[in-house]
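Structure first, then comments.
Fair warning: this is a prediction, and the values are worked out from it, not measured in the lab. Below, chains carry the letters A, B, ... as their sequence lines are ordered, and counting in each starts from 1.
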2 protein chains.
Amino acid sequence: MKRTKEDIVYQVETEELAKFAKALGHPTRIKILNHLDNASCCYTGDLLEVLPLAQSTISQHLKELKDAGLIQGTVNPPKIKYCINQQNWIKAKALFNEFFSRNMNEISCK
Amino acid sequence: MKRTKEDIVYQVETEELAKFAKALGHPTRIKILNHLDNASCCYTGDLLEVLPLAQSTISQHLKELKDAGLIQGTVNPPKIKYCINQQNWIKAKALFNEFFSRNMNEISCK
DNA sequence: TAAGTTCATCGCAAATATACGATTAGTATT
DNA sequence: AATACTAATCGTATATTTGCGATGAACTTA
C-alpha cells in the first residue's frame with residue numbers, strides 16, 4: 001500500500017490509541033489477556049491448553065501484545081513468565097476511557 | 001491463512017470486543033471518529049478536508065466503521081450524513097470498560 | 001435532457017497479518 | 001557431553017488490509 005502518498009502525521013494520542021486497539025483486534029489476543037488477568041501471569045505453555053493453536057502461533061500473538069506494550073515477559077528458566085504491563089495497561093485504559101467518554105450530545109445529527 | 005485449522009469458537013463477548021478493537025485499530029479511523037464526535041455528524045466530503053487521503057480510501061474506512069457498527073449513515077441527497085451509532089457506541093464503551101477494569105491485583109506475578 | 005455533485009464500488013498493487021511446521025537458542029537435568 | 005524442555009524465530013502459504021485511480025449510481029440543478 002501507500003505508493004504515492006507520503007506518510008500522514010497523526011497526533012501521538014491517536015497513534016497510541018490505534019496501536020493498542022490494533023493489538024486488541026483479534027479474539028485470540030483478547031483471550032490471552034483475559035487469561036493473563038485471571039491467572040495474574042502465565043507461561044506460553046499454559047496457553048497451549050487453552051487455545052487450539054500451534055505453539056508458534058501463540059508465540060507470535062504474544063510478541064504482538066509485547067510489542068504493543070500490553071504485556072511483558074520475564075525469564076524464569078526454562079520458561080518465560082508473562083504478565084500484564086501495568087503501566088501501559090493503565091495508559092491504554094485511560095486512552096480508551098477518554099475516547100469513549102466524549103460528550104456524545106443527544107442533539108447530534110441535525 | 002488458516003489452512004489446516006478449523007475455525008475456533010470464541011465467546012461472543014470476546015468476538016465483539018475484538019471486532020470493535022479492530023475497527024479502532026487504525027489512526028485514520030480514530031481521527032474520523034474524533035471528528036464525528038466534535039461535529040456530531042459529518043459528510044464524507046468534510047473528511048476530505050481533514051484527511052490527506054483519496055476519497056475512495058476514506059469511503060473504505062467509513063465502510064469498515066459502519067460494518068463494525070460504530071457509525072451509521074443516512075442519505076441526505078445528494079450527500080450522506082454519518083453519525084456515531086449511539087447504541088453500539090455504548091455497547092463498545094461497556095465492553096472496553098469491563099475489559100480494562102479487571103481486578104489487576106497487585107500481588108500479580110509471583 | 002444534459003451537466004454537475006456526492007459518494008460507493010471495482011480493479012489493481014503492495015504491505016501486513018495469520019497460521020503452520022521446522023529449526024534454533026537457551027537452560028536444566030541426567 | 002547428551003538429553004529434555006520451553007519458547008522464540010525462520011520460512012512459507014494464504015488471507016486481509018490499505019491505498020489509489022477509474023467508473024458507476026443516485027440524485028439535483030440548469
Write down the distance between [atom1] ([X]) and [atom2] ([N]), rounded to a whole number of angstrom.
X	N	atom1	atom2	value
Lys63(A)	dT16(C)	NZ	C1'	14 Å
Asn76(B)	dA8(C)	CG	P	13 Å
Glu64(B)	dT17(D)	CD	C1'	7 Å
Asp67(B)	dT18(D)	CG	C1'	15 Å
Leu62(B)	dT6(C)	CG	P	16 Å
Leu65(B)	dT18(D)	CG	P	10 Å
Gln60(B)	dA8(C)	CD	C1'	10 Å

| said: Test of understanding: with ring pair (Phe, Tyr, Trp, His ring centres under 6.0 Å), list the residues that count as partners of Phe99(A), not counting sequence neighbours. | reply: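 Applying ring pair (Phe, Tyr, Trp, His ring centres under 6.0 Å) to Phe99(A) gives Trp89(B).
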Nearest 0.5 Å, please: how far is [atom2] in [Y] from [atom1] in [X]?
X	Y	atom1	atom2	value
Cys83(A)	Ile71(A)	SG	CD1	9.0 Å
Leu24(B)	Ile30(B)	CG	CD1	4.5 Å
Cys41(B)	Asn76(B)	SG	CG	9.0 Å
Lys93(B)	Glu98(B)	NZ	CD	14.5 Å
Cys42(B)	His35(B)	SG	NE2	4.5 Å

| What are the residues of residues 18-30 of chain B, sorted by number, that bring a heavy atom to within less than 4.0 Å of DNA chain C? |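 The answer is none.
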Scan the side chains in residues 46-57 of chain A for donor-acceptor partners under 3.5 Å anywhere in the protein, sequence neighbours excluded, and list what turns up.
residue	atom	partner	partner atom	Å
Asp46(A)	OD2	Tyr43(A)	N	3.0

Side-chain atoms of residues 58-67 of chain B: list all donor-acceptor pairs with protein atoms under 3.5 Å, sequence neighbours left out, distances to 0.1 Å.
residue	atom	partner	partner atom	Å
His61(B)	ND1	Arg29(B)	NH1	3.0
Lys63(B)	NZ	Asp67(B)	OD2	3.3
Glu64(B)	OE1	Arg29(B)	NH1	3.4

Distances for protein N or O near nucleotides 3-7 of chain D N or O, under 3.5 Å:
residue	atom	partner	partner atom	Å
dA7(D)	OP1	Thr44(A)	N	3.4
dA7(D)	OP1	Ile80(A)	N	3.4
dA7(D)	OP2	Gly45(A)	N	2.8

| said: Does a side-chain N or O of Thr57(B) approach OP1 or OP2 of dC20(D) to a distance below 4.0 Å, or not? | reply: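 Checking Thr57(B) against dC20(D): at least one side-chain N or O falls below 4.0 Å of OP1 or OP2.
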| said: Does dT17(D) have OP1 or OP2 under 4.0 Å away from a side-chain N or O of His61(B)? | reply: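 Result: no.
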| query | Axis-to-axis angle across the helix from dT1(C)-dA30(D) to dT30(C)-dA1(D), five pairs an end, to 10 degrees? | reply |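 Comparing the first five pairs with the last five, the axes sit 10° apart.
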Side-chain donor/acceptor pairs under 3.5 Å, residues 10-19 of chain B, sequence neighbours excluded:
residue	atom	partner	partner atom	Å
Tyr10(B)	OH	Thr28(A)	OG1	2.3
Glu16(B)	OE1	Lys91(B)	NZ	3.4
Glu16(B)	OE2	Lys19(B)	NZ	3.2

| task | Return yes if some donor-acceptor pair links the side-chain N/O of Asn88(A) with the main-chain N/O of Leu70(A) below 3.5 Å, else return no. | result |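 No; zero donor-acceptor contacts below 3.5 Å.
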| query | Ring centres of Phe20(A) and Phe96(A) under 6.0 Å apart? | reply |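 No.
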